[in-house]
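Below, chain A is the first sequence line, B the second, and so on; all start at residue 1.
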Amino acid sequence: MEDVTAPTLFSGDEAWDGIASAQSDDAALYLELDGWEGPLDLLLELARRQKVDLRTISILDLVDQYLGYIERAEALKLEVAADYLVMAAWLAYLKSLLLLPRDPEVQPSPEELALKLQLRLQRLGAMREAGARLMGRDRIGRDVFVRGNPEGLRVDRKALWKCDIFSLIQAYGAIKLRNQPVVHMVRERAVMTLDAALTRVGKMLGIAIEWTDLRAFLPLDADPRLRKSALASSFLAALELAKQGRAEIAQDSAFGPLMLRAAPSTSSGRAV
Amino acid sequence: MSGRPDDLVRAVEATLFAAEQPMTAQELSVHLAGASVADALEELAETYAERGVRLVERGGRWHFQTAPDLAHLLRREKEEPRRLSRAATEALAIVAYHEPVSRAEIEAIRGVQTAKGTLDVLLEAGWIRIYATTPDFLTNFGLESRRDLPGIEELRAAGLLDPVDEAFAVLTGADDEDTGAIEPSGGDGKSSQMD
Amino acid sequence: MSGRPDDLVRAVEATLFAAEQPMTAQELSVHLAGASVADALEELAETYAERGVRLVERGGRWHFQTAPDLAHLLRREKEEPRRLSRAATEALAIVAYHEPVSRAEIEAIRGVQTAKGTLDVLLEAGWIRIYATTPDFLTNFGLESRRDLPGIEELRAAGLLDPVDEAFAVLTGADDEDTGAIEPSGGDGKSSQMD
């Protein structure tokens, strides 16, 4: 349904001109109102024209007036909004119910439907009246006036700093965590690389015809850390030499001494 | 004015004169270092009752304003506030007399859809919240409280603030069950109410 | 104010109240249909002489203003709780654990520059002097003395209150346990290790 803030019964200003030129008595009704706020609004105005209390209006008369109004609007080729037509149809139905012999089976009765309509008109009428009375109050800026140039109350905001003991400790912890010296100790260390071990073991192997403990190939004067490195590198060198067929490796028992000797020129190495 | 008034009375007077917005007793008290201002307000309201300027209470908030009978002297230079449309006036009345109220209820009473823009005008003016009236509404319309709404007691007594279905049930003594009868469009198509 | 004042007095009162600018007697007179307002102005000035608001004449123009002894009411200080920023909290923590401490030391410990504003906030809050904590600091944090700072003993024992350089020296002087790991082939003879 179209929203109703502007005149709803009429589609535009042209319609107004058409009505304004109409000379019938009914035109007065069109002329003095600038549109209705929906069908209930129109009904309320028609009811008011009965010049009686809304509690004693004749619903049948009201229905006739409404239907007559819509008919004339249509005769004038005015576009009548759908909700007005729906109301017209409902009122026509109500009228027929009111005029026909009473059928006790029909619930609610036509009188009850008429009463409901009357109640709704009363409520709308009450609110329209209330609105008018509200607008008639002594309104600020129209009837009464506030101070034209108030000094104003200034509030200077002063910060009241908040911090709790938990936040304080947490902050300190965060600083400490952040600044914990992350020390990378990079120190010189004695190592024997694999290349060095290969050269060394390869050379020494030339003079070792008999089975010789791998540890005999390590530098004698090495400190313990260099010895570890040399042992590991020499072991890898021995494996490499065996692979090349230049050395043979033997170990008699698990974790026993690793024995090494130069390979006979014709035979291939015996791997562990 | 006879003699120097009480210091607290003077302080309340000065504060409300200087204030750009109406103030509640509570706000005044906060502003005045926690002083209890109820008596001072009452004394001031009485002092100013017959003067060209009055102290009035609207929705629990106090402000000074010119006496209504002097409107004609002051109006000429002041721009009149914008007129409300009929739809907006009706919607405002419905909210004021029925609050709290839903948009559907507003429409049920008016029998027509209410444009969102219509209600927006009222929200923008700061006179209604969704959709009940505000303290500013009371201030603007010179109402001390909603009880001062013109005729609200009569309307209530006449049952005109009750929904149609309720009034109908009272009048007919009948249960208002929906029987599938045709209702006019824009009607109180809400589910019927049990009584 | 005794009884209803003269209508002209009321009109002048309301007009000056609602006026956005001070008005001369001449302007008032024009506004009030040519009435002679001098007596009304005099009566009003006298009426308001001892109230919280006064009617005053300045350069021939009249206006209401707050009584001079109540001018302080127009400005009020309001305290608003605000959370301490992280930077300020850290700085406060450092001062608390290390005091007395210089700004340079605070920055060295935080590892970042500390804005002067940050420390000013702590001074303004009254929690530090330049820069050690105050009795108010202890009160705010519910501490009987700095010794109550949680874990200050533990932190000290852990060396966490020592300058970084000192801690570094201690750490680097420590012996490094050999892990006996096999060096990667082709390595540059160095391995990195965290203590």
Enquirer: Answer yes or no: are there more than 12 heavy-atom neighbours, outside Glu107(C) itself, under 6.0 Å from its atom CD?
Expert: yes
Enquirer: Counting only non-hydrogen atoms closer than 4.5 Å, does Leu32(B) touch chain C with its backbone (N, CA, C, O), its side chain (CB onward), both, or neither?
Expert: side chain
Enquirer: By a 4.5 Å heavy-atom criterion (distance strictly below it), what part of Val9(C) contacts chain B: side chain, backbone, both, or neither?
Expert: side chain
Enquirer: Please tell me if the side chains of Thr66(C) and Glu13(B) come closer than 4.5 Å, counting only heavy atoms from C-beta onward.
Expert: no
Enquirer: Is a side-chain N or O of His31(C) found less than 3.5 angstrom from the main chain of Leu73(B), in a donor-acceptor match?
Expert: yes
Enquirer: Work out which heavy atom in Leu74(B) is nearest to a heavy atom in Ala18(C); give both atom names and the distance.
Expert: CD2-CB, 4.5 Å
Enquirer: What class does the angle between the rings of Phe17(B) and Phe17(C) fall in, given that below 30° is parallel, 30 to 60° is tilted and above 60° is perpendicular?
Expert: perpendicular
Enquirer: Considering residues, nucleotides and ligands other than Glu57(C), do more than 12 of their heavy atoms fall under 6.0 Å from its CD?
Expert: yes
Enquirer: If you count heavy atoms of other groups shown closer than 6.0 angstrom to CG of Asp7(C), is the number above 12?
Expert: yes
Enquirer: If you take all heavy atoms of Ala14(B) and Val53(C), which pair is closest and at what distance?
Expert: CA-CG2, 4.0 Å
Enquirer: What are the residues of residues 82-91 of chain C, in order of number, with any heavy atom under 4.5 angstrom from a heavy atom of chain B?
Expert: none
Enquirer: Does Asp39(B) CG have over 12 foreign heavy atoms under 6.0 Å away?
Expert: no
Enquirer: Using 0.5 Å steps for rounding, measure from the CD atom of Glu50(B) to the CZ atom of Arg10(C).
Expert: 7.5 Å
Enquirer: Would you say CD of Glu42(B) has more than 12 non-hydrogen atoms from neighbouring residues, nucleotides or ligands within 6.0 angstrom?
Expert: no
Enquirer: Side chain, backbone, both or neither: which part of Asp69(B) has a non-hydrogen atom closer than 4.5 Å to chain C?
Expert: side chain
Enquirer: By a 4.5 Å heavy-atom criterion (distance strictly below it), what part of Thr15(C) contacts chain B: side chain, backbone, both, or neither?
Expert: both
